[in-house]
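A quick write-up on the structure given underneath.
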Amino acid sequence: MGTKAGLAIFGVALVGAALLIGAKTMVFGAETRKEPLPAPVLDEQRHAAGHETAVFAGGCFWGVQTVFQRVKGVTATTAGYSGGTAATATYDQVSSESTGHAEAVKVVFDPSKISYGTLLRIFFSVVHDPTELNRQGPDVGTSYRSAIFFTSPEQQKIAAAYIAQLDEAHAFPKKIVTELVPLKAFYNGEDYHQDYAEKNPDNPYIQVCDVPKTAALKAQFPELFQDYKHK
């Protein structure tokens with residue numbers, strides 16, 4: 001994504017490239033897998049109904065948000081920034097790639113309906129390619145890095161164990177480069193970024209980069225998929 005004056009032209013080019021690929025479905029930058037990754041061996045115990053927060057970064061926050069808001073048990077999502085300071089938590093500054101922020105999404109979920117480990121499984125299976133360093137497909141820079149901002153020691157333990165599990169199983173052709181760091185703060189993104197993919201379904205970037213992610217979610221996790229309409 002990024003601050004790109006030529007975004008529409010860029011998107012058209014991506015559409016053209018996708019058409020050249022033909023029947024092969026792509027999620028930038030990884031080919032869509034047909035089966036989900038194995039479930040985490042270590043996961044949190046089933047909790048009583050309530051609210052838990054997870055924060056994920058996996059490239060452009062438009063695509064990350066549009067996947068998680070379609071997961072049963074997720075009660076709210078917010079696109080924003082994490083990793084830098086409050087003074088630099090604006091889109092223009094983050095796009096300069098000098099703030100330390102990553103485009104991130106805060107996911108509020110009901111742990112009685114979905115576990116943190118299941119969210120991790122979706123994050124690694126369909127949201128992004130965790131082997132790409134400081135980029136996702138056409139989006140390049142540290143703000144597009146793969147990161148998990150854990151909010152508790154339990155989340156840290158589960159995420160670290162799952163990354164090790166996937167690497168040991170050679171689930172990806174390359175080693176996972178996802179950062180695992182404590183959440184110091186999350187800053188909400190600008191209003192126009194919220195529900196962007198849902199509100200702009202015909203945007204060429206959304207069509208090529210994000211629609212395949214929601215399709216992969218529905219195909220790989222049909223029991224967890226829910227329709228979503230912005231308010």
Side-chain angles (χ1 to χ4, degrees), residues 27 29-30 33 36-45 47 51-69 71 73-84 89 94 99-111 114-137 139 141-169 171-172 174-189 213 216-217 220-221 224:
V27 171
R33 62 179 65 249
L37 293 167
V41 173
L42 178 66
D43 201 352
E44 61 187 357
Q45 297 299 309
H47 293 285
H51 298 288
E52 187 176 340
T53 298
V55 177
F56 300 105
C60 173
F61 47 19
W62 297 344
V64 180
Q65 184 181 41
T66 200
V67 171
F68 280 118
Q69 61 195 185
V71 176
V74 170
T75 58
T77 62
T78 307
Y81 314 104
S82 202
V94 172
T99 67
H101 279 297
E103 290 192 10
V105 173
K106 180 172 67 175
V107 179
V108 180
F109 64 100
D110 182 345
I114 190 167
S115 69
Y116 181 67
T118 301
L119 293 180
L120 289 173
R121 189 183 183 197
I122 292 169
F123 178 65
F124 285 110
S125 293
V126 304
V127 169
H128 79 313
D129 181 347
T131 70
E132 289 199 318
L133 181 63
N134 296 331
R135 70 173 299 161
Q136 280 297 306
D139 299 323
T142 56
S143 68
Y144 301 109
R145 67 187 181 271
S146 173
I148 297 168
F149 296 92
F150 59 84
T151 62
S152 69
E154 184 181 31
Q155 285 191 359
Q156 179 185 18
K157 184 177 180 179
I158 293 168
Y162 193 43
I163 290 171
Q165 175 187 333
L166 294 178
D167 272 338
E168 289 171 6
F172 297 93
K174 295 185 293 183
K175 187 175 178 64
I176 292 171
V177 296
T178 304
E179 293 181 354
L180 183 58
V181 292
L183 178 69
K184 295 181 178 179
F186 178 87
Y187 305 99
N188 290 0
K213 295 179 183 180
L217 174 69
Q220 294 182 36
F221 299 93
L224 296 176

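When every heavy atom of Phe149 is checked against every heavy atom of Ala104, the shortest pair comes out as CE1-CB, 4.5 Å. The minimum heavy-atom distance between Tyr162 and Ala39, with the atom names listed, is CE1-C, 4.0 Å. A pairwise comparison of heavy atoms in Pro130 and Ser146 identifies CA-OG, 4.2 Å as the closest pair. Closest of all the heavy-atom pairs between Ala79 and Val105 is CA-CG2, 4.3 Å. Minimum heavy-atom separation, Asp167 to Ile176: OD1-N, 3.1 Å. For the pair Phe109 and Glu44, the tightest heavy-atom approach, listed with the atom from each and the gap, is CE1-OE2, 3.8 Å.
Side-chain contact between Val67 and Phe123 is absent, with no heavy-atom pair separated by less than 4.5 Å. Annotation: side chain of Phe221 is in contact with side chain of Arg121 (closest heavy-atom distance under 4.5 Å). Phe56 has its side chain within reach of Leu119: a pair of non-hydrogen atoms, C-beta onward, lies under 4.5 Å apart. Looking only at side-chain heavy atoms (C-beta outward), Leu120 and Ile148 come within less than 4.5 Å of each other. Considering only heavy atoms from C-beta on, Gln136 comes within 4.5 Å of Asp129 through its side chain.
Distance alone, capped at 3.5 Å, is enough to place a donor-acceptor pair between the Gln155 side chain and the Thr53 backbone. Under a 3.5 Å cut-off, the side chain of Thr75 and the backbone N or O of Val108 do form a donor-acceptor pair. In terms of modelled atom types and a separation under 3.5 Å, the side chain of Glu132 and the main chain of Gly137 share a donor-acceptor contact. The main-chain N or O of Ala185 is found under 3.5 Å from a side-chain atom of Ser82 such that the two form a donor-acceptor pair. With hydrogens and angles disregarded, a donor-acceptor distance shorter than 3.5 Å links the side chain of Gln165 to the backbone of Val41.
Expressed to the nearest 0.5 Å, how far OG of Ser125 lies from NZ of Lys213 amounts to 13.5 Å. From Lys157, atom NZ reaches atom OG of Ser152 across 11.5 Å, with rounding to the nearest 0.5 Å. Here Thr77 contributes atom OG1 and Phe61 contributes atom CZ; the two are 12.0 Å apart, rounded to the nearest 0.5 Å. Atom CD1 of residue Ile163 and atom CD1 of residue Ile158 lie 12.0 Å apart, to the nearest 0.5 angstrom. Leu166 contributes atom CG, which lies 9.0 Å from atom OG1 of Thr178 (distance to the nearest 0.5 angstrom). In this structure, CZ in Phe172 is found 7.0 Å from CZ in Phe124, a value given to the nearest 0.5 Å.
Residues satisfying the side-chain hydrogen bond (donor to acceptor under 3.5 Å, both in side chains) test with Thr78, not counting sequence neighbours, are none.
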> Yes or no on ring-ring contact (aromatic ring centres under 6.0 Å, His included) for Tyr187 and His101, after CA distance, side-chain angles and deciding distance?
Replying inline: CA-CA 10 Å; Tyr187 305 99; His101 279 297; 5.6 Å; yes

